[in-house]
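Inspection log for the structure reproduced underneath, given as structure tokens.
Quick note: numbers below take in every heavy atom, side chains included, and nothing from hydrogens, waters or symmetry partners. Since this is a predicted model, take the numbers as computed values, not measurements.
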Amino acid sequence: MQTNAESVIVLDFETTGLSPNMGDRAIEIGAVKMDNGVVVDHFQKLMNPGFRVSSFIEGYTGITNNMLRTAAPCDEVMDEFADFIQGYNLVAHNASFDQRFLDAELAQINRDYQGKFTCSMLIARRLFQDAPNHKLGTLVDYLNIDNDGVFHRALADSEMTAKLWLEILSTIQSNYQINALSFSHMQKLAKTAKASVPSYLKKLAI
DNA sequence: TGCCAGGCCCTCTTTAGGGCCTT
């Protein structure tokens, strides 16, 4: 298992709704694999949830029922994705959402994963307190992160989240003179009370 | 463009309520 904060898989789901407990399913998974901050691989697949998606989801994601009609079923795509994420920790923007869907989809096919999750949104809230809000698109603008203007598609959003993740690491490293950040440092940071963040990071400095 | 849920986080708090963020 990779333990470096710069060696992670950043992932993003598009889904039929907000809650797998209410019957929602994944319709697209996108992810980028990073080793030491360099993108070394990516994953993007549409998947057929077995029922029609709402017109709201078609409009929100640009993923239409026609596109999903010929896509492989969720079980097949998620089995392949379970192989892709082996050995890596995981990052997502509002990770609790993506974790719920990953857990629900993998439970359907009796697959598991060993990596741990952390959340770029929780850390961004602590680090960029002056941002207008902490939506992915807003943070991309606020931090002048390169983007191609595509939002709400899984690979595009995971690529932007990956750039945001590197910006987060770089901001911490330069502001606090920290050389090596581990993934567990970032997990702890995501759970540290805002007021205690500076003292926590100062303790990590050389 | 909205609702559904769930976890986090703030505050006029902790015997609670509501906004944020994800689709």
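- Pairs passing the ring pair (Phe, Tyr, Trp, His ring centres under 6.0 Å) check and including a residue from residues 98-150 of chain A, sequence neighbours excluded, read A:F97-A:F101.
- For the P atoms, the distance linking B:dG2 with B:dC20 amounts to 12 Å, nearest Å.
- Phosphate contact (OP1/OP2 of B:dC10, side-chain N/O of A:K194, threshold under 4.0 Å): present.
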Tell me which donor-acceptor pairs under 3.5 Å the side chains of residues 1-12 of chain A have, and how far apart each pair is, sequence neighbours excluded?
unit_1, atom_1, unit_2, atom_2, d
A:N4, OD1, A:E6, N, 2.6
A:N4, ND2, A:N36, OD1, 2.8
A:S7, OG, A:N36, N, 2.9

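- Here the C1' atom of nucleotide B:dG7 and the CG atom of A:L102 are 17 Å apart, to the nearest Å.
- Listed in residue order, the members of residues 66-81 of chain A having a heavy atom less than 4.0 Å from DNA chain B come to none.
- With hydrogens and angles left out, the side-chain atoms of A:T16 and A:D24 include a donor and acceptor closer than 3.5 Å.
- Straight-line distance between the C1' atoms of B:dT13 and B:dC8: roughly 15 Å, to the nearest whole Å.
- Of the residues in residues 105-113 of chain A, not one comes within less than 4.0 Å of DNA chain B through any heavy atom.
- For A:S120, the side chain to side chain donor-acceptor pair (under 3.5 Å) criterion is met by A:H93, not counting sequence neighbours.
- B:dG7 atom P lies 14 Å from atom CZ of A:F117, rounded to whole Å.
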In a table with atom names and distances, give each donor-acceptor pair under 3.5 Å that connects a side chain of residues 143-153 of chain A to protein atoms at least two apart or in another chain.
unit_1, atom_1, unit_2, atom_2, d
A:N147, OD1, A:G149, N, 2.9
A:N147, ND2, A:I145, O, 3.3
A:D148, OD1, A:V150, N, 3.1
A:H152, ND1, A:Y60, OH, 3.4
A:R153, NE, A:E28, OE1, 3.0
A:R153, NE, A:E28, OE2, 3.4
A:R153, NH2, A:E28, OE2, 2.8

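- Put simply, the side chain of A:V197 reaches to within 4.5 Å of the side chain of A:L189, judged on heavy atoms.
- Here the separation of B:dG18 from B:dC12, taken at their C1' atoms, is 12 Å to the nearest Å.
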Polar atoms only, N or O, under 3.5 Å: list the protein pairs with nucleotides 21-23 of chain B and their distances.
unit_1, atom_1, unit_2, atom_2, d
B:dC21, OP1, A:H134, N, 2.7
B:dC21, OP1, A:H134, ND1, 3.4
B:dC21, O2, A:N94, ND2, 2.7
B:dT22, OP1, A:L136, N, 2.9
B:dT22, O4', A:N94, ND2, 2.8
B:dT23, OP2, A:Y60, OH, 3.1
B:dT23, O3', A:E14, OE1, 2.7
B:dT23, O3', A:T15, N, 3.1

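- The ring pair (Phe, Tyr, Trp, His ring centres under 6.0 Å) analysis of residues 21-47 of chain A, with sequence neighbours excluded, yields the pairs A:F43-A:F81, A:F43-A:F84.
- Nucleotides B:dC4 and B:dC21 have their C1' atoms positioned 15 Å apart, rounded to a whole Å.
- Scanning for side chain to side chain donor-acceptor pair (under 3.5 Å) contacts around A:D112 gives an empty result, with sequence neighbours left out.
- For the pair A:S19 and A:L122, both in contact range of DNA chain B, the more 5′-proximal nearest nucleotide belongs to A:S19.
- Rounded to an integer number of Å, the gap from CD of A:Q187 to C1' of B:dG7 is 16 Å.
- For A:R125, the side chain to side chain donor-acceptor pair (under 3.5 Å) criterion is met by no residue, not counting sequence neighbours.
- Distance, A:R25 CZ to B:dA5 C1': 17 Å, rounded to whole Å.
- Within the structure, salt bridge (Lys or Arg N to Asp or Glu O under 4.0 Å) pairs that include any residue of residues 82-97 of chain A comprise A:D83-A:R111 (at least two apart or interchain).
- Under the side-chain contact (heavy atoms from CB on, under 4.5 Å) criterion, A:N175 pairs with A:T171, not counting sequence neighbours.
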